[in-house]
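A quick write-up on the structure given underneath.
In what follows, chains carry the letters A, B, and so on, assigned in the order in which the sequence lines appear, proteins first and then strands, with residues in each chain numbered from 1. Scope of the values below: all heavy atoms of this structure, side chains included, with no hydrogens, waters or symmetry mates.
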There are 2 protein chains.
Amino acid sequence: MSRNSRRLDQIRAVAERLFRDKGYLATSMRDIADEMHLRGGGSLYAHIKGKEDLLWSIANEATDAFFAALEAVCAQPATPYERLRAAIIAHLLVITQHLGAAAVYFDEWRHLTEPRRSQFMARRDAYEKQFQTLLEACVASGACHASDTRLATLHLLSAMNAMRHWYKPDGRLSAQQVAEALADMLLHGL
Amino acid sequence: MSRNSRRLDQIRAVAERLFRDKGYLATSMRDIADEMHLRGGGSLYAHIKGKEDLLWSIANEATDAFFAALEAVCAQPATPYERLRAAIIAHLLVITQHLGAAAVYFDEWRHLTEPRRSQFMARRDAYEKQFQTLLEACVASGACHASDTRLATLHLLSAMNAMRHWYKPDGRLSAQQVAEALADMLLHGL
DNA sequence: GTCTATATAATGATAGAC
DNA sequence: GTCTATCATTATATAGAC
């Protein structure tokens, strides 16, 4: 799978970037081909079945990354507060490391057709439920005081995810620094 | 302008909803016409010059609403903390009252062509600068302790705006209740 | 103002030469 | 694997009858 999947990975990398920059529908197969210095969109079909396959594999790349990061956090012994804070930082770091995939995970997934769309939503909902459980444990321990854990979870998740809109990999702060600062603002306010 | 602009407002209202539900590019003129019980997309062109005019007018509706709400807050005498909290709540209420326009303001605006795209971004940046000034005043007064006001502003704005993704007008809490709860979580943490 | 028909352009995808 | 050429579809927008 050395040469073949390398070419496929190149296509996926280009698609990720264009889907984030312009959106899935505004990105044509010809756009992707151009960025790969191919003369026509047709050449891409030697490597993929169709455009939506790109969207689907990128969406799953993101989902897998979020789950893997959360499972690593939950495998460590920690207080509920420490675990929630670690989960927040881990989630934010995944976003910084997969900005293109994050754009698909948060925005472009809706252009998936059934049954993939529903499959995606189910995995995303399962992930969000795990985050709510972490938050509830934190409230039960007294470390957090959110009175409405459903509302707090919606806010926490959407606020974390919103970082994709402004984070720049070459900014003055490292990804780790930004993630820690954001975690502190989320947990303790401005 | 009674009958004519009423029809135009109907078109804009339908477009707002569809742009939010499916996205600007995924919404065809025929989709809009269908929702208005017109037989062909052509009829719409008796009221508008083109599809992008809809995007543009909706984007400006949102921009105007955000500026109006912020100016009303700044016209009142208040401490920096009270003013920031009032600005947050006002911003969140605008989103709850203009969910379709908010989707355009935050997501779909990028499909504007030049020079409208740049004009939009300039107004949005000006608005965000005003928010940063409010936050800096709050830090200077000692009511907030954010050490990095640029980062804090980016977080605050994006976290507020993220509410568009989960807020439901017919939920168990009123818009005012949700806005106040969110403001408290943003200012004081979870 | 709405209808039908259509001009024009762009898209995702395929076929066959090399 | 990439190329060129092309098909079928869909989109925005226009023209003219009513």
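For B/R110, the salt bridge (Lys or Arg N to Asp or Glu O under 4.0 Å) criterion is met by A/E108, not counting sequence neighbours. Contacts of B/A181 classified as side-chain contact (heavy atoms from CB on, under 4.5 Å), with partners at least two apart in sequence or in another chain: A/L151. Evaluation of the ring-ring contact (aromatic ring centres under 6.0 Å, His included) rule for A/H91 yields A/F66, A/Y127, A/F131 as partners, not counting sequence neighbours. Taking A/W56 as the reference, nothing meets the ring-ring contact (aromatic ring centres under 6.0 Å, His included) condition, with sequence neighbours excluded. Under the ring-ring contact (aromatic ring centres under 6.0 Å, His included) criterion, A/Y167 pairs with no residue at all, not counting sequence neighbours.
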Practice task
Spell out protein contact along nucleotides 2-18 of chain D as letters: B when the base is contacted, S when just the sugar-phosphate is, - when no protein heavy atom is under 4.0 Å; keep the 5' to 3' order.
Solution key: BBS-B----BBBB----
